[in-house]
Amino acid sequence: VQLQASGGGLVQAGGSLNLSCAASGIIFSIDNMGWYRQAPGKQRELVATIGSGGSTNYADSVKGRFTIFRDNAKPAVYLQMNSLKPEDTAVYYCNALLRTRGAPQVLQNSWGQGTQVTVSS
């Protein structure tokens, strides 16, 4: 199973970016999907998660500015980021809790490769 993230880049403060993350492989089901980020010198932190039924959870720092959604048919998870701030600068990682067809009883924690988001002031 692979998670392929894309959509990062350089944007001015106040701008917007959209991140995408597509899952591929022999997947039986996907539970939670989400986005995390890691800024230089800091620990990886949760940005937003979305359950299989669509329930969402956001870090306080991004509430009202970021929106997470998913397409279960693809499957993929997206992060729409508006009103970006310099403090949003980080490498963004997508994450999925999933089960493969080969081992449907095992819940695996999978990570994408990360995509850089840089917000200039």
Side-chain angles (χ1 to χ4, degrees):
V1 175
Q2 283 190 326
L3 298 179
Q4 184 69 40
S6 61
L10 173 64
V11 65
Q12 287 189 332
S16 299
L17 280 175
N18 295 319
L19 304 184
S20 301
C21 177
S24 62
I26 312 301
I27 298 171
F28 178 74
S29 67
I30 302 179
D31 294 354
N32 272 18
M33 302 185 81
W35 290 93
Y36 293 73
R37 67 187 182 187
Q38 187 167 18
K42 295 187 177 181
Q43 289 191 333
R44 190 173 297 189
E45 63 177 4
L46 180 146
V47 177
T49 61
I50 183 167
S52 58
S55 60
T56 58
N57 179 49
Y58 295 92
D60 288 343
S61 60
V62 306
K63 283 181 180 176
R65 300 188 298 121
F66 291 9
T67 302
I68 187 171
F69 54 102
R70 63 190 281 175
D71 182 338
N72 291 327
K74 289 193 173 182
V77 63
Y78 307 91
L79 187 68
Q80 182 177 353
M81 305 186 293
N82 297 324
S83 302
L84 282 161
K85 304 176 181 180
E87 50 263 43
D88 294 318
T89 295
V91 177
Y92 284 70
Y93 298 89
C94 59
N95 173 267
L97 295 176
L98 56 85
R99 303 173 191 274
T100 64
R101 291 191 183 276
Q105 73 281 8
V106 178
L107 189 62
Q108 298 184 21
N109 190 21
S110 295
W111 291 92
Q113 84 283 10
T115 184
Q116 177 70 47
V117 171
T118 303
V119 184
S120 63
S121 57

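Only a predicted model underlies this, so the values are computations on that prediction, with no experimental measurement involved.
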With side chains defined as the heavy atoms from C-beta onward, is the minimum distance between [X] and [Y] less than 4.5 Å?
{"X": "R99", "Y": "L107", "result": "yes"}
{"X": "L79", "Y": "R37", "result": "no"}
{"X": "T89", "Y": "Q116", "result": "yes"}
{"X": "Y58", "Y": "T67", "result": "yes"}

Measuring from [X]:[atom1] to [Y]:[atom2], what's the distance to the nearest 0.5 Å?
{"X": "F66", "Y": "L19", "atom1": "CZ", "atom2": "CG", "result": "8.0 Å"}
{"X": "L17", "Y": "L10", "atom1": "CG", "atom2": "CG", "result": "8.5 Å"}
{"X": "Q113", "Y": "Q4", "atom1": "CD", "atom2": "CD", "result": "4.5 Å"}

If you count every heavy atom of other residues, nucleotides or ligands that lies below 6.0 Å from F69 atom CZ, does the total exceed 12?
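Atom CZ in F69 is crowded, with more than 12 foreign heavy atoms closer than 6.0 Å.
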So if you build clusters from Ile, Leu, Val, Met, Phe, Trp, Tyr with side-chain heavy-atom gaps below 4.5 Å, do W35 and L97 land together?
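No, W35 does not connect to L97 through the hydrophobic network.
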Same cluster (ILVMFWY, side-chain, under 4.5 Å), Y78 and M33:
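No.
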Has the side chain of [X] got a donor or acceptor atom that lies under 3.5 Å from a matching backbone atom of [Y]?
{"X": "N95", "Y": "S110", "result": "yes"}
{"X": "R70", "Y": "G51", "result": "yes"}
{"X": "T115", "Y": "Y92", "result": "no"}

Which atoms form the tightest heavy-atom contact between [X] and [Y], and what is the distance?
{"X": "R101", "Y": "P104", "answer": "O-CD, 3.4 Å"}
{"X": "C94", "Y": "V77", "answer": "CB-CG1, 4.4 Å"}
{"X": "C21", "Y": "L3", "answer": "SG-CB, 3.8 Å"}
{"X": "Y93", "Y": "G112", "answer": "CD2-O, 3.7 Å"}
{"X": "S83", "Y": "S16", "answer": "N-OG, 4.4 Å"}
{"X": "A23", "Y": "I30", "answer": "CB-CD1, 4.3 Å"}

Among I50, I68, T49, exactly one meets side-chain contact (heavy atoms from CB on, under 4.5 Å) together with N57. Which residue is that?
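The single option meeting the side-chain contact (heavy atoms from CB on, under 4.5 Å) with N57 is T49.
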Between D88 and K85, does any NZ, NE, NH1 or NH2 come within less than 4.0 Å of an OD or OE carboxylate oxygen?
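No salt bridge links K85 with D88.
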Between Y36 and W111, how do the two ring planes meet: parallel, tilted or perpendicular, split at 30° and 60°?
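Perpendicular: the ring planes of Y36 and W111 meet at over 60°.
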